[in-house]
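All chains are named by letter (A, B, ...) in the order of the sequence lines, taking the proteins before the strands, and each is independently numbered beginning at 1.
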There are 2 protein chains.
Amino acid sequence: MPNNHFKRGELYSFITGKASTAIARRLQKKFNNAGLNITIEQWSVLYHLWKKEGVSQQEICNATFRDKPSITRLVDNLEKLNLVKRVASENDRRINLIYLTKDAQKLQEETMAIADETLNDALENVPTDKVDICKEVLQIVYDNLK
Amino acid sequence: MPNNHFKRGELYSFITGKASTAIARRLQKKFNNAGLNITIEQWSVLYHLWKKEGVSQQEICNATFRDKPSITRLVDNLEKLNLVKRVASENDRRINLIYLTKDAQKLQEETMAIADETLNDALENVPTDKVDICKEVLQIVYDNLK
DNA sequence: GGCATATAGTTGTTTGTGCAACTATCCAAA
DNA sequence: TTTGGATAGTTGCACAAACAACTATATGCC
């Protein structure tokens, strides 16, 4: 039995990711309270577009660890909210390049401040070095399963 | 600025819980490959019932960090699969007590072995002390946001 | 007893996810 | 140049989560 064997009683909360669920719920509530009419999933797509826009849906899939149908529908909903636009690529007509609208640009500052605040809430009383170890472990877990 | 302030570029994967998502997907695949026709969410309910059955739906809500409608529907689906039964409480007719069927009892050994295996896959090359720190951090995060 | 309030559970709606099947386009090799 | 395989994106389906609104039952207080 390897020394990293997990005790059964602890399986559950690790698998369900209750901590990340709690963070997501808190962030969503703060968006709602601020009158921001977007879901955290939509926000996570905008998050990547603020870093780099004019990317294909496939690139968004890779960046956000989602499959193609999920991104199709998130982009559909973001388009309905007038936050992004699909623009057919001239070089390759299979590709939609996704661009931000002015409305979406306006959201960046406010939502990022709320997200910062949320993570500060979450990590209160957690020493920085332990946060670093936690991130390291989660990254290895992700790589192990990729 | 508190010393636990999170750098913006790292917000995202923490919030989305990509590690726990990856674990969940791996576990679901192993269930499917083993011909087990249940979702991980259904399994997470069974997981608690194996520890203690004959509990109310509300108790399952608390144990699994879900709201009541989610549990209503998970129990609906588990009932359709003939894995649990709702039994009206005699003391309090508002309450459904949830019991496992024989079919569900048979699933315990096999699915727990698969879950163990999945976590061993996930935690390969992660030293035990770092796993412990990670769990500790995630627990504090959860408590901070509760 | 009767009423207000709390609690247990259900239902409807919107949104998101994962999978499979599908269309359209591109590219490379015969 | 045609054809076969790869890639980008969409659609249908089943399942799940969050929220609000609802029903039914229990409880505590007058």
Side-chain angles (χ1 to χ4, degrees), chain A residues 15-18 20-33 36-46 55-81 83-84 86-98, chain B residues 15-18 20-33 36-45 55-62 64-81 83-84 86-98:
Chain A
I15 288 173
T16 55
K18 67 176 183 173
S20 61
T21 304
I23 294 174
R25 282 203 272 239
R26 173 68 63 95
L27 181 58
Q28 182 71 66
K29 258 184 200 157
K30 289 191 189 225
F31 281 173
N32 294 344
N33 291 343
L36 298 172
N37 188 29
I38 58 170
T39 67
I40 48 164
E41 292 84 2
Q42 291 164 4
W43 175 81
S44 76
V45 171
L46 296 179
V55 299
S56 69
Q57 295 186 194
Q58 183 58 55
E59 286 178 84
I60 299 176
C61 293
N62 300 337
T64 64
F65 318 108
R66 290 182 175 89
D67 69 356
K68 285 192 291 183
S70 297
I71 295 303
T72 293
R73 276 144 188 155
L74 284 172
V75 172
D76 285 349
N77 286 335
L78 286 166
E79 239 181 357
K80 276 184 215 157
L81 292 169
L83 294 173
V84 305
R86 285 176 165 102
V87 177
S89 166
E90 298 198 348
N91 304 332
D92 184 339
R93 293 195 328 207
R94 291 171 303 179
I95 294 178
N96 293 332
L97 300 175
I98 311 300
Chain B
I15 289 174
T16 54
K18 67 175 182 174
S20 61
T21 305
I23 294 174
R25 282 203 274 240
R26 173 67 64 96
L27 181 58
Q28 182 72 66
K29 258 183 201 158
K30 289 191 189 227
F31 281 172
N32 294 344
N33 291 343
L36 299 172
N37 188 29
I38 58 170
T39 67
I40 48 163
E41 292 85 1
Q42 292 164 2
W43 175 81
S44 76
V45 172
V55 298
S56 69
Q57 294 185 196
Q58 184 58 54
E59 286 178 84
I60 298 175
C61 293
N62 300 337
T64 64
F65 319 108
R66 290 182 175 90
D67 69 356
K68 285 191 292 182
S70 297
I71 295 303
T72 292
R73 277 147 186 152
L74 283 172
V75 173
D76 285 349
N77 286 335
L78 285 166
E79 239 180 358
K80 276 185 217 157
L81 292 169
L83 294 172
V84 305
R86 285 177 167 101
V87 178
S89 166
E90 298 198 348
N91 304 331
D92 184 339
R93 293 196 327 208
R94 291 172 304 179
I95 294 177
N96 293 331
L97 299 176
I98 311 300

Quickly work out the [X] [atom1] to [N] [atom2] distance and round it to whole Å.
{"X": "B:Trp43", "N": "D:dC15", "atom1": "CH2", "atom2": "C1'", "result": "18 Å"}
{"X": "A:Arg66", "N": "D:dA16", "atom1": "CZ", "atom2": "P", "result": "19 Å"}
{"X": "A:Phe31", "N": "C:dG16", "atom1": "CZ", "atom2": "P", "result": "13 Å"}
{"X": "B:Glu79", "N": "C:dG9", "atom1": "CD", "atom2": "C1'", "result": "13 Å"}
{"X": "A:Ile23", "N": "D:dA17", "atom1": "CD1", "atom2": "P", "result": "18 Å"}
{"X": "A:Ile71", "N": "D:dT11", "atom1": "CD1", "atom2": "C1'", "result": "16 Å"}
{"X": "A:Gln58", "N": "D:dT10", "atom1": "CD", "atom2": "P", "result": "11 Å"}
{"X": "B:Lys18", "N": "C:dT17", "atom1": "NZ", "atom2": "C1'", "result": "18 Å"}

How far does [atom1] of [X] sit from [atom2] of [Y], to the nearest 0.5 angstrom?
{"X": "A:Thr72", "Y": "A:Arg66", "atom1": "OG1", "atom2": "CZ", "result": "12.5 Å"}
{"X": "B:Ile71", "Y": "B:Thr64", "atom1": "CD1", "atom2": "OG1", "result": "3.5 Å"}
{"X": "B:Lys68", "Y": "B:Asn62", "atom1": "NZ", "atom2": "CG", "result": "10.5 Å"}
{"X": "A:Leu81", "Y": "A:Asp76", "atom1": "CG", "atom2": "CG", "result": "11.0 Å"}
{"X": "A:Arg73", "Y": "A:Asn77", "atom1": "CZ", "atom2": "CG", "result": "10.0 Å"}
{"X": "A:Leu78", "Y": "A:Arg86", "atom1": "CG", "atom2": "CZ", "result": "9.5 Å"}

Check nucleotides 1-5 of chain C for protein N or O atoms closer than 3.5 Å to its own N or O atoms and list the pairs.
none

Over all strands shown, is [X] touching base, sugar-phosphate only, or nothing at heavy-atom distances under 4.0 angstrom?
{"X": "A:Thr39", "result": "sugar-phosphate"}
{"X": "B:Leu74", "result": "sugar-phosphate"}
{"X": "B:Asp76", "result": "nothing"}

Checklist entry - Is there a side-chain polar atom (N or O) of B:Asn77 under 4.0 Å from OP1 or OP2 of D:dA16? => result yes
Checklist entry - Taking the side chain as C-beta and beyond, is there a heavy-atom pair between A:Glu41 and A:Ser70 under 4.5 Å? => result no
Checklist entry - When every nucleotide of nucleotides 19-26 of chain C is labelled 5' to 3' by its protein contacts under 4.0 Å (heavy atoms), B for base, S for sugar-phosphate only, - for none, what sequence of letters results? => result BB---BBS
Item to check | side chain to side chain contact (heavy atoms under 4.5 Å, CB included) between A:Trp43 and A:Leu36, intermediate numbers included | outcome: CA-CA 10 Å; A:Trp43 175 81; A:Leu36 298 172; over 6 Å; no
Checklist entry - Take atom CG in B:Asn33; do more than 12 heavy atoms of anything else shown fall under 6.0 Å from it? => result yes
Item to check | From D:dA17, C:dT10, D:dT10, nucleotide with atom closest to A:Gln57 side chain | outcome: D:dT10
Item to check | From D:dA16, C:dT17, D:dT10, nucleotide with atom closest to B:Gln42 side chain | outcome: D:dA16
Item to check | Upstream residue (5' side of DNA chain D) when B:Glu41 and A:Val55 are each assigned their closest nucleotide | outcome: A:Val55
Checklist entry - When you match A:Thr21 and A:Lys68 each to their closest nucleotide on DNA chain D, which lands nearer the 5' end? => result A:Lys68
Next on the checklist: If the condition is salt bridge (charged side-chain N to carboxylate O under 4.0 Å, His left out), which residues does A:Lys18 pass it with, not counting sequence neighbours?
Outcome noted: none
